Amino acid sequence: MVKGYGWIKEGQCGCNKNSRLWQCSDLQLLCAQLLKEGVLSYPIEHLGRFNQDSKLVILSVALALYDAGIHYAKDKKQDVGILGTSPDGALTANLDYFRDYVKAGRKLGRGNLFIYTLPSSPLAEAAIHFGLCGPSAYIGYTKEPEENLLAQAELMVRNKTAQAILAVSFGSSEAVCKCIQVAEA
């Protein structure tokens, strides 16, 4: 069952809790606003070096956790997993890295670009910040990616793989995160 929902799209973001909606033309400024309003418990370390996908994922996860009422704290681990899918994997990050590599004379690629050539990197950044110690995986679907991701998350929660699973669908300018938990009896 979806217990929390957070999204970022077209310069806006929000969650279901109190029908909250924020303007977010700049993700760094949005981060500061979410911190000030208590959606984020503490600043996201190294946010400035994140690629676009990682910023979108971590902020949509923050909104979904807030919406689900799942509190987190620095250095506190919790049994929550994260699954993600994206229409292009990490194609944009790979192109950025290769352009930088060519620009440097094919001798040196920057590590801060290389790390994001893995499509699971945005999920890992979120898992680190929020202390998620459940399973983490990127799954590339060719058909109905969001529906399949949600079905996988629900299956994992029913099988008690984790207390909750965050299902994140993300692209170059948007992200949707759904927090899946077992329905209370």
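The figures here come from the full heavy-atom set of this structure, side chains too, leaving out hydrogens, waters and symmetry mates. Treat the numbers as computed from the prediction; the structure is a model and nothing was measured.
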Between atom [atom1] of [X] and atom [atom2] of [Y], what is the distance when rounded to the nearest 0.5 Å?
{"X": "L132", "Y": "I82", "atom1": "CG", "atom2": "CD1", "answer": "6.0 Å"}
{"X": "E45", "Y": "I128", "atom1": "CD", "atom2": "CD1", "answer": "10.0 Å"}
{"X": "D96", "Y": "Q52", "atom1": "CG", "atom2": "CD", "answer": "10.5 Å"}
{"X": "K55", "Y": "F50", "atom1": "NZ", "atom2": "CZ", "answer": "9.0 Å"}
{"X": "I180", "Y": "L155", "atom1": "CD1", "atom2": "CG", "answer": "12.0 Å"}
{"X": "S169", "Y": "K178", "atom1": "OG", "atom2": "NZ", "answer": "8.5 Å"}

Provide the closest heavy-atom pair for [X] versus [Y] in the form atom of the first, atom of the second, distance.
{"X": "T161", "Y": "P135", "result": "CG2-CG, 3.5 Å"}
{"X": "L40", "Y": "H129", "result": "CD2-NE2, 4.3 Å"}
{"X": "P87", "Y": "F170", "result": "CD-O, 3.3 Å"}
{"X": "A93", "Y": "N51", "result": "CB-ND2, 4.0 Å"}
{"X": "G89", "Y": "D53", "result": "O-OD2, 4.3 Å"}
{"X": "V57", "Y": "A175", "result": "N-CB, 4.3 Å"}

Practice task
Just do the side-chain contact (heavy atoms from CB on, under 4.5 Å) check on Q23 and Q12 with the steps written out, would you?
Solution key: CA-CA 4 Å; Q23 300 303 311; Q12 292 187 324; 3.1 Å; yes
Exercise for the section: Might you confirm whether atom NZ of K76 has over 12 heavy atoms from other residues, nucleotides or ligands at distances under 6.0 Å? Expected result: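 Buried by this count: over 12 neighbours within 6.0 Å.
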Beyond-backbone contact of [X] with [Y], side-chain heavy atoms, under 4.5 angstrom:
{"X": "L123", "Y": "L83", "value": "no"}
{"X": "Y66", "Y": "C15", "value": "yes"}
{"X": "V157", "Y": "Q163", "value": "no"}
{"X": "S60", "Y": "V176", "value": "no"}
{"X": "L118", "Y": "S121", "value": "yes"}
{"X": "I165", "Y": "V80", "value": "no"}
{"X": "C13", "Y": "L30", "value": "yes"}
{"X": "C179", "Y": "Q181", "value": "yes"}

Mark yes or no for whether [X], through its side chain, and [Y], through its backbone, hold a donor-acceptor pair below 3.5 Å.
{"X": "D79", "Y": "A162", "value": "no"}
{"X": "Q78", "Y": "F130", "value": "yes"}
{"X": "D67", "Y": "N16", "value": "yes"}
{"X": "T85", "Y": "I139", "value": "yes"}
{"X": "N148", "Y": "K143", "value": "yes"}

Handout entry: Ionic contact status for R20 with E37, cut-off 4.0 Å
Key = yes
Handout entry: Ionic contact status for R49 with E125, cut-off 4.0 Å
Key =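 Salt bridge: yes.
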Exercise for the section: Could you walk me through whether L65 and L166 pass side-chain contact (heavy atoms from CB on, under 4.5 Å), step by step? Expected result: CA-CA 9 Å; L65 290 172; L166 298 164; 4.0 Å; yes
Exercise for the section: Decide yes or no on side-chain contact (heavy atoms from CB on, under 4.5 Å) for L63 and L34, but give the supporting numbers first. Expected result: CA-CA 9 Å; L63 290 163; L34 294 179; 4.2 Å; yes
Handout entry: Cluster check Y5, L21: I/L/V/M/F/W/Y, side chain < 4.5 angstrom
Key = yes
Exercise for the section: Step through it carefully: locate the ring centre of Y42, locate the ring centre of Y72, and say whether they are under 6.0 Å apart. Expected result: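 Yes, ring centres under 6.0 Å apart.
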Exercise for the section: Kindly assign one of parallel, tilted or perpendicular to the pair F98 and Y101, based on the angle between their ring planes and the thresholds 30° and 60°. Expected result: tilted
Handout entry: Verdict with supporting geometry, I44 and L59, side-chain contact (heavy atoms from CB on, under 4.5 Å)
Key = CA-CA 9 Å; I44 299 170; L59 292 172; 4.0 Å; yes
